[in-house]
Amino acid sequence: MHELIRARPLATLVTLSSNGLNANHIPLHLLESPAPFGTLQGHVARANPILSDFENNIEVLAVFHGPDAYITPSWYATKKETGKVVPTWNYAVVHAYGYMRVIDDAAWLRAHLEALTAHNEASFSKPWAVADAPHEFTERLIGNIVGFEMVISRLSGKWKVSQNQPQQNKVGVIEGLKESGLQESSDMAVLVEAATKNAR
């Protein structure tokens with residue numbers, strides 16, 4: 001689950017506001033501590049109403065979406081044998097729960113931005129760093145944002161990756177996903193392959 005969070009850090013953060021449920025889409029940085037689930041850190045614009053309009057004593061939910069793909073029954077070998085097949089959707093998702101704490105501290109924000117940027121820039125041959133921008137420029141921007149963190153109290157995940165299908169159908173799903181030419185489908189094919197190997 002931590003691996004999915006790191007690979008797909010853009011979370012749907014669901015909070016309860018005075019007007020009901022509210023969803024914001026925010027990249028979150030995962031820290032390992034405290035055990036067992038870790039901490040999520042993020043930031044939003046100072047003007048974002050989420051900062052002043054959430055219930056402190058009510059859990060918030062961060063949803064992280066992994067790869068997903070439509071699965072056509074035409075990929076199943078059993079379609080020819082029985083015809084008893086239907087379409088479905090494969091996906092991987094993680095739900096992280098906890099209580100949000102607002103942090104309005106420039107030093108904390110700079111450290112958070114540096115860590116978040118370093119994580120997301122790691123795959124580039126010439127990674128950009130916060131220090132690459134003029135100091136007065138970043139300081140001004142930091143003044144316009146506020147941080148928050150959420151110690152994860154509960155963590156749950158679901159991988160629906162054709163694990164309920166017989167081997168010959170899984171093979172067809174993997175081939176079909178790879179042939180689609182879509183990166184998301186290719187990523188799902190990797191998950192189906194991994195689940196197939198783990199089931200052996």
Side-chain angles (χ1 to χ4, degrees), residues 1-16 20-32 35-42 59-98 116-127 150-200:
M1 289 187 282
H2 276 191
E3 185 178 329
L4 186 148
I5 290 171
R6 288 193 185 95
R8 306 273 186 132
L10 182 65
T12 302
L13 186 65
V14 182
T15 58
L16 180 62
L21 291 176
N22 191 17
N24 282 270
H25 307 281
I26 303 169
L28 299 178
H29 184 62
L30 175 67
L31 303 178
E32 287 291 330
F37 304 123
T39 301
L40 295 170
Q41 295 182 335
E59 276 188 323
V60 300
L61 166 64
V63 181
F64 296 88
H65 298 275
D68 70 272
Y70 174 77
I71 308 299
T72 173
S74 299
W75 292 339
Y76 294 157
T78 55
K79 176 179 180 284
K80 297 173 187 173
E81 298 167 9
T82 68
K84 296 178 181 179
V85 293
V86 294
T88 191
W89 208 285
N90 278 6
Y91 59 90
V93 67
V94 171
H95 293 178
Y97 301 83
L116 180 66
T117 302
H119 171 76
N120 291 303
E121 289 279 335
S123 62
F124 292 97
S125 59
K126 295 180 180 178
M150 180 180 94
V151 174
I152 303 171
S153 56
R154 291 187 289 143
L155 197 60
S156 64
K158 183 170 185 180
W159 271 247
K160 184 179 179 298
V161 291
S162 299
Q163 62 266 50
N164 62 323
Q165 292 297 325
Q167 181 63 26
Q168 67 268 34
N169 285 358
K170 292 177 188 175
V171 170
V173 167
I174 292 166
E175 290 174 356
L177 287 168
K178 287 182 176 179
E179 289 172 4
S180 76
L182 300 172
Q183 184 61 50
E184 192 80 352
S185 295
S186 178
D187 292 345
M188 177 51 67
V190 170
L191 292 183
V192 176
E193 283 180 315
T196 301
K197 289 175 184 174
N198 290 338
R200 290 175 187 165

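From a predicted model like this one, the values you see are computed outputs, not experimental measurements.
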Residues S153 and G98: closest non-hydrogen pair is OG-CA, 3.6 Å
Flag the pair P9 / H29 as yes when at least one side-chain heavy-atom distance between them is below 4.5 Å, and no otherwise. no
Measuring from atom OH of Y97 to atom CD1 of I152, what distance do you get when rounded to the nearest 0.5 angstrom? 12.0 Å
Can you list the steps and then say if T12 with H65 is a side chain to side chain contact (heavy atoms under 4.5 Å, CB included)? CA-CA 9 Å; T12 302; H65 298 275; 4.0 Å; yes
Got a donor-acceptor contact below 3.5 angstrom from the H2 side chain to the F37 backbone? yes
Determine whether R8 and D187 satisfy the following criterion, side chain to side chain contact (heavy atoms under 4.5 Å, CB included), listing intermediate values before the conclusion. CA-CA 12 Å; R8 306 273 186 132; D187 292 345; 3.5 Å; yes
Distance (rounded to the nearest 0.5 Å) between T15 OG1 and L21 CG: 8.0 Å
Under the salt bridge (Lys or Arg N to Asp or Glu O under 4.0 Å) definition, can you give me all pairs with a residue in residues 170-183, not counting sequence neighbours? K178-E193
Atom CZ in F64, atom CD1 in I5: separation rounded to 0.5 Å? 4.5 Å
Side-chain contact, heavy-atom cut-off 4.5 Å: P67 with Q183? no
Might you work through the side chain to side chain contact (heavy atoms under 4.5 Å, CB included) test for I71 and L177, ending with a clear yes or no? CA-CA 8 Å; I71 308 299; L177 287 168; 4.0 Å; yes
Are the side chains of W159 and M1 in contact, using a 4.5 Å heavy-atom criterion? yes
From CA spacing to verdict: side chain to side chain contact (heavy atoms under 4.5 Å, CB included), V173, Y76: CA-CA 7 Å; V173 167; Y76 294 157; 3.5 Å; yes
So which atom in G66 and which in E184 form the shortest heavy-atom distance, rounded to 0.1 Å? O-OE2, 3.7 Å
Heavy atoms only: give me the nearest L28-A11 pair and the separation to one decimal. CD1-CB, 3.7 Å
Roughly how far apart are L13 CG and L61 CG, rounded to 0.5 Å? 8.0 Å
What pairs with E59 under salt bridge (Lys or Arg N to Asp or Glu O under 4.0 Å), at least two apart in sequence or on another chain? R154
Value for CG (L191) from CD1 (I174), rounded to nearest 0.5 Å, stands at 10.5 Å
Would you tabulate the side-chain donor-acceptor contacts of residues 85-96 under 3.5 Å, counting partners in other chains and residues two or more places apart, or write 'none'?
| residue | atom | partner | partner atom | Å |
| --- | --- | --- | --- | --- |
| T88 | OG1 | K160 | NZ | 2.6 |
| W89 | NE1 | D68 | OD2 | 2.9 |
| N90 | ND2 | S162 | OG | 2.9 |

Hey, is CD on E81 packed in by over 12 heavy atoms from elsewhere, all under 6.0 Å? yes
Minimal heavy-atom distance between V151 and T39, with the atoms involved, is CG2-OG1, 3.8 Å
Given side chains that start at C-beta, do those of Q167 and T196 come closer than 4.5 Å, heavy atoms only? yes
Find the distance between CE (M150) and CD (Q41) and round it off to the nearest 0.5 Å. 11.5 Å
